[in-house]
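Whatever order the structure lists them in is the order used to number ligands and atoms, beginning at 1. Only heavy atoms go into these numbers, but all of them, side chains included; no hydrogens, no water, no symmetry mates.
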Amino acid sequence: MRGSDPAAVAALKAGGLVILPTETVYGLAADAGNPRAVAAIFEAKGRPRFNPLIAHVADAVEAGRIAVFDDRARALAAAFWPGPLTIVAPVRDRERVCDLARAGLDSVAVRVPGHDRARAVIAAFGGPVVAPSANRSGRPSPTTYADAVEETGFATAEAVDGGDCIVGVESTVVSMLDGRVTLLRPGAVTRAEIEALIGPIDTGGDGHRSPGRLALHYAPDAPVRIEAMQARDGEILLGFGPGSGEARWSLSPSGDLREAAANLFRRLREADRERPTGIAVAPVPDQGLGEAINDRLRRAAGFVG
Ligand code: AMP
Ligand code: MG
């Protein structure tokens, strides 16, 4: 049946692309070990080939087959998987996650998604599945089934409707190479949660190479202006917190960061559909999940994070 888990598994085995729901954002999935399928993802998204993909697996045992985890990586996996945390570690199996998926690196990014249907499809498929966000490169990630199909449905053999994404921003990416721990991308697993478990995240220096973290990213068509106190002529203002204007355009009327993250890309897309001269976004506090929200907003506005 179209859209069923078995149909999605069959499509993956045949080298096709599948729209797959996860708790973070909708993914465009393919067999990580099939270079032609992986190439089709880069093609459909218009994604530069130097930007490596995350391998999604069903559990930590599967993760251990493709990546080499040290004690700290194991501790993070035990605490946060299934969930919105990606761990970058030395690659163990270069076949099951092909060169193109890793952008030729000796490291691999791996995660166990916290969405039951995603895990069920991946488990039934029986190997790692790469699944970058299902948007065309540079655009806001889709957090609803309809938005995912609108973005890259044209390139897929199958699409699974798993409802609206609960988290709404992409996974936290932590690099654990050469004994150093670096935060490559903030997400719903916060800096404080990671540090509480394994100690301080390394800062300073160059950190690890984080290919693909482009300055202008997650961007709607309309220009985005951040830290805005009010809308200018023709702009839509996305508010945050009590008294933040029209409820329809608020990221969270109560000022809740989880709600704001879940609404972020959806509101940017909805605002864009009104063809405003610009989208202004009210200040969002930088604590906890706010670090991820502000990271995406700075990139949507064209500033390096
Ligand atoms: P996404 O854009 O959600 O598919 O996330 C992929 C991001 O994870 C990339 O843009 C990189 O920043 C990071 N990433 C993936 N694989 C690696 C890797 N092997 N080494 C370093 N960063 C990686
Ligand atoms: Mg993406």
Taking only residues two or more places apart in sequence or in another chain, which ones pass side chain to side chain donor-acceptor pair (under 3.5 Å) with Arg72? none
Do Glu170 and Ser141 meet the criterion of a side-chain donor-acceptor pair at a distance under 3.5 Å? yes
Hey, does the side chain of Thr172 reach the backbone of Val189 with a donor-acceptor pair shorter than 3.5 angstrom? yes
Counting C-beta onward and ignoring hydrogens, is there a side-chain heavy-atom pair between Leu264 and Leu297 closer than 4.5 Å? yes
Atoms of ligand 1 less than 4.0 Å from Arg47 heavy atoms? 1 (P), 2 (O), 4 (O), 6 (C)
Ligand 1 to Pro132, heavy atom cutoff 4.0 Å, flagged ligand atoms 4 (O)
Decide yes or no for Ser133 and Leu28: does some side-chain heavy atom of the first lie under 4.5 Å from some side-chain heavy atom of the second? no
Numbering the atoms of ligand 1 from 1, which are under 4.0 Å from a heavy atom of Leu105? 18 (C), 19 (N), 20 (N)
May I ask you to check whether over 12 heavy atoms, not counting those of Glu43, lie within 6.0 Å of atom CD? no
Which protein N, O or S atoms lie under 2.8 Å from the Mg ion (ligand 2)? Ser133 OG
Establish, for the pair Arg74 and Phe69, whether the NZ or CZ atom is under 6.0 angstrom from the six-membered ring centre and no further than 45 degrees off its axis. no
Given 3.5 Å as the limit, does a donor-acceptor pair link the side chain of Arg102 with the main chain of Val97, or not? yes
Taking the side chain as every heavy atom from C-beta outward, state whether Leu216 and Arg299 have any pair of such atoms under 4.5 Å apart. no
What atoms in ligand 1 come closer than 4.0 Å to a heavy atom of Ala109? 15 (C), 16 (N), 17 (C)
Donor-acceptor contact below 3.5 Å, side chain Arg94 vs main chain Asp106: no
Compute the shortest N/O to N/O distance between Ser107 and ligand 1 and return yes if it is under 3.5 Å, no if not. yes
When only distance counts, is Glu170 in polar contact with ligand 1, meaning an N/O pair under 3.5 Å? no
Closer than 4.0 Å to some heavy atom of Leu184 - which atoms of ligand 1 meet that? 21 (C), 22 (N)
May I ask whether Arg185 has any heavy atom positioned less than 4.0 angstrom from an atom of ligand 1? yes
Heavy-atom donor-acceptor pair, Glu195 side chain to Pro200 backbone, under 3.5 Å: no
Residue Ile54 vicinity, atoms of ligand 1 by number, heavy atom under 4.0 Å: 5 (O), 6 (C)
Is Ser133 in polar range of ligand 1, meaning some N or O pair under 3.5 Å apart? no
Could you list the atoms of ligand 1 found under 4.0 angstrom from a heavy atom of Asn51? 9 (C), 10 (O)
